[in-house]
S.K.: 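Structure in structure tokens, see below.
The model shown is predicted, which means the values in this text are computed figures rather than measured ones.
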Amino acid sequence: MLWFYYALVKQNAFLLITINCFGCVIETIYIILFITYAPKGSRNSTVKLFVSMNVGAFSLILLLTHFLATGSTRILILGWICVAFSVSVFAAPLSIVARVIRTKSVEFMPFNLSFFLTLSAIMWFAYGLFQKDICVALPNIVGFLLGLTQMLLYVIYKNANKVIIEEKKLPEAQLKSIVVLSNLGASEVYPVDIHPDDADANDVNQGPKENHQETDQRNPKSLEVPSGLQLQQHNDNNNTDDGCAVAV
């Protein structure tokens with residue numbers, strides 16, 4: 001909106017008028033869609049920001065420049081205000097750049113956006129240079145540098161996310177756990193397929209069980225229950241010993 005007003009005041013800036021009219025229409029559609037589908041909290045904050053900036057700040061700039069400045073002074077003031085807001089727009093992705101460096105992932109910084117941002121900055125810089133309009137050329141120098149930085153970060157970290165994902169992938173071969181079954185006799189070992197997520201839990205739970213089973217295998221006789229025949233033979237032996245003792 002500011003660039004559109006700047007082009008109208010400056011005159012003979014048909015390209016600035018057309019591109020900024022198209023931009024106003026597209027951005028208005030974006031804002032309407034966001035307000036329609038955004039959560040309540042985001043919707044309220046967006047409406048407040050839109051009213052304060054696009055309505056309040058723009059109206060204030062329009063009134064001040066219209067009544068307090070005239071001629072070339074008005075054009076110069078409007079031009080530098082547009083430069084300030086344009087630099088802010090180009091600097092907005094710096095938060096994404098910091099996030100890319102911190103996470104080493106370009107998930108939130110698509111290459112196409114950075115490429116066309118850089119290409120647009122180059123073209124508008126050339127336009128401002130040929131028209132000898134520093135207010136158009138200056139912010140696009142900043143846009144070119146930031147766009148170039150984003151593309152460089154994309155080249156550096158484009159494979160970092162894939163490496164992290166591959167490290168987190170589970171092995172294709174299924175993990176197997178050994179379950180020992182014992183019933184006061186010879187133990188049998190069976191391989192049992194388990195899920196990878198349950199591997200750690202099984203290792204923790206099998207520890208006490210394996211120790212208990214090893215104790216049972218070391219002392220199998222301590223757990224044997226004497227049968228009826230063995231008890232009878234034991235009693236007969238005791239009686240024989242008693243009889244011998246009496247005979248003596």
Side-chain angles (χ1 to χ4, degrees), residues 1-35 42 44-101 109-154:
M1 295 173 65
L2 284 173
W3 280 110
F4 177 73
Y5 179 49
Y6 172 78
L8 290 177
V9 173
K10 185 180 179 181
Q11 299 178 356
N12 298 325
F14 177 75
L15 292 178
L16 284 176
I17 294 174
T18 54
I19 189 62
N20 286 286
C21 284
F22 180 76
C24 287
V25 173
I26 296 297
E27 294 297 332
T28 302
I29 295 174
Y30 289 163
I31 293 173
I32 293 173
L33 290 175
F34 182 84
I35 293 174
S42 300
N44 293 336
S45 61
T46 302
V47 170
K48 292 178 181 178
L49 185 62
F50 178 80
V51 172
S52 61
M53 296 299 295
N54 293 63
V55 178
F58 177 74
S59 300
L60 181 63
I61 293 172
L62 181 64
L63 293 174
L64 291 177
T65 55
H66 183 73
F67 291 105
L68 298 180
T70 59
S72 59
T73 304
R74 180 190 299 171
I75 296 174
L76 186 61
I77 294 173
L78 277 175
W80 284 106
I81 292 174
C82 291
V83 168
F85 278 97
S86 296
V87 171
S88 301
V89 171
F90 286 123
L94 287 177
S95 60
I96 303 298
V97 170
R99 186 171 185 177
V100 169
I101 297 174
M109 192 180 68
F111 179 80
N112 293 336
L113 181 61
S114 302
F115 174 76
F116 284 106
L117 175 65
T118 307
L119 185 61
S120 175
I122 293 173
M123 300 305 295
W124 281 108
F125 169 75
Y127 173 83
L129 188 64
F130 292 147
Q131 294 289 329
K132 298 180 180 180
D133 191 341
I134 190 174
C135 295
V136 176
L138 183 61
N140 287 286
I141 297 175
V142 179
F144 169 74
L145 295 176
L146 292 176
L148 195 63
T149 302
Q150 293 178 24
M151 289 193 295
L152 181 62
L153 288 175
Y154 185 89

S.K.: Quick one: salt bridge (charged side-chain N to carboxylate O under 4.0 Å, His left out) pairs with a partner in residues 119-141, sequence neighbours left out?
M.R.: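 Sorted pair list: Lys10-Asp133.
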
S.K.: Quick check: closest heavy atoms across Val83 and Cys135, and the distance to 0.1 Å?
M.R.: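 Here Val83 and Cys135 meet closest at CG2-O, 3.3 Å.
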
S.K.: Can you find a pair of side-chain heavy atoms, one from Cys21 and one from Val25, that are under 4.5 Å apart?
M.R.: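 Cys21 does not reach Val25 side chain to side chain.
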
S.K.: Provide the closest heavy-atom pair for Thr65 versus Leu62 in the form atom of the first, atom of the second, distance.
M.R.: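 That would be OG1-O, 3.3 Å.
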
S.K.: If you count heavy atoms of other groups shown closer than 6.0 angstrom to CG of Leu15, is the number above 12?
M.R.: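 For Leu15, atom CG is crowded (more than 12 foreign heavy atoms under 6.0 Å).
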
S.K.: Which residues pass the side-chain contact (heavy atoms from CB on, under 4.5 Å) test with Leu76, not counting sequence neighbours?
M.R.: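 Listed in chain order: Trp80.
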
S.K.: Measure the OH-CD1 distance between Tyr30 and Ile35 for me, rounded to the nearest 0.5 Å.
M.R.: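 Separation between the atoms: 15.0 Å.
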
S.K.: Stepwise, does the side-chain contact (heavy atoms from CB on, under 4.5 Å) test hold for Val87 with Leu138?
M.R.: CA-CA 9 Å; Val87 171; Leu138 183 61; over 6 Å; no

S.K.: Between Leu64 and Ile77, is there a side-chain heavy-atom distance shorter than 4.5 Å?
M.R.: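 The answer is no; the side chains never approach within 4.5 Å.
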
S.K.: Please list all pairs passing the ring-ring contact (aromatic ring centres under 6.0 Å, His included) test where one or both residues lie in residues 4-29, with sequence neighbours left out.
M.R.: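 Of all non-adjacent pairs touching residues 4-29, those that pass ring-ring contact (aromatic ring centres under 6.0 Å, His included) are Trp3-Tyr6.
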
S.K.: Name each donor-acceptor pair under 3.5 Å that joins a side chain in residues 116-129 to protein atoms two or more places apart or in another chain, with its distance.
M.R.:
unit_1	atom_1	unit_2	atom_2	d
Thr118	OG1	Ser114	O	2.8
Thr118	OG1	Gly147	O	3.4

S.K.: Does Thr149 have any side-chain contact (heavy atoms from CB on, under 4.5 Å) partners at least two apart in sequence or in another chain, and if so, which?
M.R.: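 In terms of side-chain contact (heavy atoms from CB on, under 4.5 Å), with neighbours along the sequence ignored, Thr149 is linked to Leu153.
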
S.K.: Please enumerate all residues that pass ring-ring contact (aromatic ring centres under 6.0 Å, His included) together with Tyr154, with sequence neighbours excluded.
M.R.: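 Checked Tyr154 against ring-ring contact (aromatic ring centres under 6.0 Å, His included); matches are Phe111.
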
S.K.: How would you list all residue pairs meeting salt bridge (charged side-chain N to carboxylate O under 4.0 Å, His left out) that involve residues 112-127, not counting sequence neighbours?
M.R.: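 Non-adjacent pairs meeting salt bridge (charged side-chain N to carboxylate O under 4.0 Å, His left out): zero.
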
S.K.: Scan residues 62-78 for pairs that pass salt bridge (charged side-chain N to carboxylate O under 4.0 Å, His left out), counting only residues two or more places apart or in two chains.
M.R.: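 Of all non-adjacent pairs touching residues 62-78, none passes salt bridge (charged side-chain N to carboxylate O under 4.0 Å, His left out).
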
S.K.: For Phe50, give me all partners under side-chain contact (heavy atoms from CB on, under 4.5 Å), at least two apart in sequence or on another chain.
M.R.: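 Phe50 satisfies side-chain contact (heavy atoms from CB on, under 4.5 Å) with Ile31, Asn54, Val55 once adjacent residues are dropped.
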
S.K.: State, yes or no, whether a side-chain contact exists between Leu2 and Asn20 at a heavy-atom distance under 4.5 Å.
M.R.: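 Leu2 vs Asn20: side chains apart.
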
S.K.: Between atom CD of Gln11 and atom CG of Leu16, what is the distance when rounded to the nearest 0.5 Å?
M.R.: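 Gln11 CD to Leu16 CG: 13.0 Å, rounded to 0.5 Å.
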
S.K.: Determine the minimum heavy-atom distance between Ser45 and Ser42, stating which atoms define it.
M.R.: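 Nearest heavy atoms, Ser45 then Ser42: OG-O, 2.9 Å.
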
S.K.: Of all the heavy-atom pairs spanning Gln150 and Met109, show the shortest one and how long it is.
M.R.: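 Heavy-atom minimum between the residues: O-CE, 3.2 Å.
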
S.K.: Among all residues two or more places apart in sequence or in another chain, which pass the side-chain contact (heavy atoms from CB on, under 4.5 Å) test with Ile32?
M.R.: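 side-chain contact (heavy atoms from CB on, under 4.5 Å) list for Ile32, sorted by chain: Thr28, Thr36.
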
